[in-house]
Amino acid sequence: DILFDGLIKNVNECILKCDKNSYQEMYNNVIICGGTSKIDGVTKRIKRDLEMVIKESDKEYLCHVTNPKHKQLSAWRGASIFSSLSSFSRALITIKEYEECGSRI
């Protein structure tokens, strides 16, 4: 339970750091991957726990959790899609910028 409590807390906090207008989209597009995603029932558990957090906040958001079949490709696919966006070049950080600002950039 400690694992899931921390996971749900982090997912919820990440969503709440986004623009309020995107909360529904974010809750409705939760994708899990990595080693923990291979645990039987993890998708249902995360969905249930997120729905409880949403209900406790008196909000009415739909929640959908996806556990892709080809998890080992998820990071590559995400990076591939991100790099194809027109906004990709604006998201890049140069070595000079990183050296000046460090990780707080």
Side-chain angles (χ1 to χ4, degrees):
D1 279 351
I2 292 172
L3 169 69
F4 286 102
D5 290 345
L7 176 66
I8 298 305
K9 180 182 175 192
N10 286 333
V11 169
N12 194 53
E13 285 177 0
C14 286
I15 291 172
L16 295 177
K17 288 181 180 181
C18 297
D19 184 278
K20 288 181 180 183
N21 295 325
S22 66
Y23 287 178
Q24 177 57 72
E25 187 174 353
M26 299 298 282
Y27 281 118
N28 208 31
N29 290 287
V30 176
I31 300 171
I32 59 171
C33 58
T36 305
S37 68
K38 295 179 180 182
I39 298 172
D40 285 339
V42 73
T43 304
K44 289 179 183 177
R45 171 76 186 267
I46 291 173
K47 179 177 172 39
R48 184 195 74 199
D49 289 0
L50 267 176
E51 287 173 339
M52 287 181 1
V53 168
I54 293 168
K55 188 175 183 177
E56 289 170 2
S57 70
D58 293 326
K59 303 294 182 191
E60 292 187 24
Y61 298 114
L62 298 175
C63 181
H64 181 73
V65 179
T66 303
N67 191 344
K69 290 180 183 178
H70 302 290
K71 298 170 198 34
Q72 66 273 22
L73 301 176
S74 295
W76 186 88
R77 285 182 178 156
S80 175
I81 292 167
F82 179 57
S83 67
S84 68
L85 298 174
S86 61
S87 59
F88 177 70
S89 62
R90 293 189 302 273
L92 297 178
I93 299 168
T94 65
I95 292 172
K96 183 179 178 186
E97 289 172 322
Y98 185 81
E99 288 173 347
E100 290 173 3
C101 300
S103 62
R104 67 179 188 276
I105 195 163

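Predicted, not measured: the structure shown is a model, and the values here were computed from it.
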Participant: Under 3.5 Å, is there a donor-acceptor pair between the side chain of Tyr23 and the main chain of Leu16?
Facilitator: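 Yes, the answer is positive, given that a donor and an acceptor are paired below the 3.5 Å cut-off.
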
Participant: So which pairs with a foot in residues 33-58 pass ring pair (Phe, Tyr, Trp, His ring centres under 6.0 Å), sequence neighbours left out?
Facilitator: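 Counting only pairs at least two positions apart or across chains, no ring pair (Phe, Tyr, Trp, His ring centres under 6.0 Å) contact touches residues 33-58.
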
Participant: What is the distance from atom CG of Leu50 to atom NE2 of His64, rounded to the nearest 0.5 Å?
Facilitator: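 Going from the CG atom of Leu50 to the NE2 atom of His64 covers 12.5 Å.
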
Participant: Taking side-chain hydrogen bond (donor to acceptor under 3.5 Å, both in side chains) as the test, write out the residues that go with Asp49, two or more places apart.
Facilitator: Arg45

Participant: What residues, two or more places apart in sequence or in another chain, satisfy side-chain hydrogen bond (donor to acceptor under 3.5 Å, both in side chains) together with Asp19?
Facilitator: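 Here the qualifying residues are Asn21.
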
Participant: Report yes or no: does Asn67 contribute a side-chain atom to a donor-acceptor pair with the main-chain N or O of Ser37 at less than 3.5 Å?
Facilitator: yes

Participant: Residues in salt bridge (charged side-chain N to carboxylate O under 4.0 Å, His left out) with Glu51, at least two apart?
Facilitator: Lys47

Participant: Could you report the tightest heavy-atom contact between Thr43 and Val65, atom names first, then the distance?
Facilitator: CG2-O, 3.4 Å

Participant: Taking ILVMFWY side chains as joined if any heavy atoms are under 4.5 angstrom apart, and letting links pass through other members, which residues group with Leu92?
Facilitator: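 So far as hydrophobic clustering goes, Leu92 is joined with Phe82, Leu85, Phe88.
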
Participant: Return each pair, listed once, that meets side chain to side chain donor-acceptor pair (under 3.5 Å) where at least one residue sits in residues 76-85; pairs must be two or more places apart or across chains.
Facilitator: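 As it turns out, there is no side chain to side chain donor-acceptor pair (under 3.5 Å) pair with a partner in residues 76-85 once direct neighbours are skipped.
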
Participant: Give the other cluster members for Met52, using side-chain heavy-atom distances under 4.5 Å between Ile, Leu, Val, Met, Phe, Trp and Tyr residues; answer none if it is isolated.
Facilitator: none

Participant: Checking Lys59 now: which residues fulfil side-chain contact (heavy atoms from CB on, under 4.5 Å) with it, not counting sequence neighbours?
Facilitator: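 Counting only residues at least two positions away or on another chain, Lys59 forms a side-chain contact (heavy atoms from CB on, under 4.5 Å) with Ile54, Ser57, Tyr61.
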
Participant: Not counting sequence neighbours, list each pair that qualifies as a side chain to side chain donor-acceptor pair (under 3.5 Å) and has a residue in residues 92-105.
Facilitator: Thr94-Glu97

Participant: Output the distance between atom CD1 (Ile46) and atom CD1 (Ile31), rounded to the nearest 0.5 Å.
Facilitator: 12.0 Å

Participant: With a 4.5 Å cut-off on side-chain heavy atoms, are Thr66 and Ile32 touching?
Facilitator: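 No - every pair of side-chain heavy atoms lies 4.5 Å or more apart.
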
Participant: Less than 4.5 Å apart, any side-chain heavy atom of Lys17 and any of Cys14?
Facilitator: no

Participant: Applying side-chain hydrogen bond (donor to acceptor under 3.5 Å, both in side chains), can you list everything that pairs with Tyr27, at least two apart in sequence or on another chain?
Facilitator: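 Tyr27 satisfies side-chain hydrogen bond (donor to acceptor under 3.5 Å, both in side chains) with Asn12 only.
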
Participant: For Ser22, give me all partners under side-chain hydrogen bond (donor to acceptor under 3.5 Å, both in side chains), at least two apart in sequence or on another chain.
Facilitator: none

Participant: Considering residues at least two apart in sequence or located in another chain, which fulfil the side-chain contact (heavy atoms from CB on, under 4.5 Å) criterion with Leu62?
Facilitator: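 In terms of side-chain contact (heavy atoms from CB on, under 4.5 Å), with neighbours along the sequence ignored, Leu62 is linked to Gln24, Asn28.
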
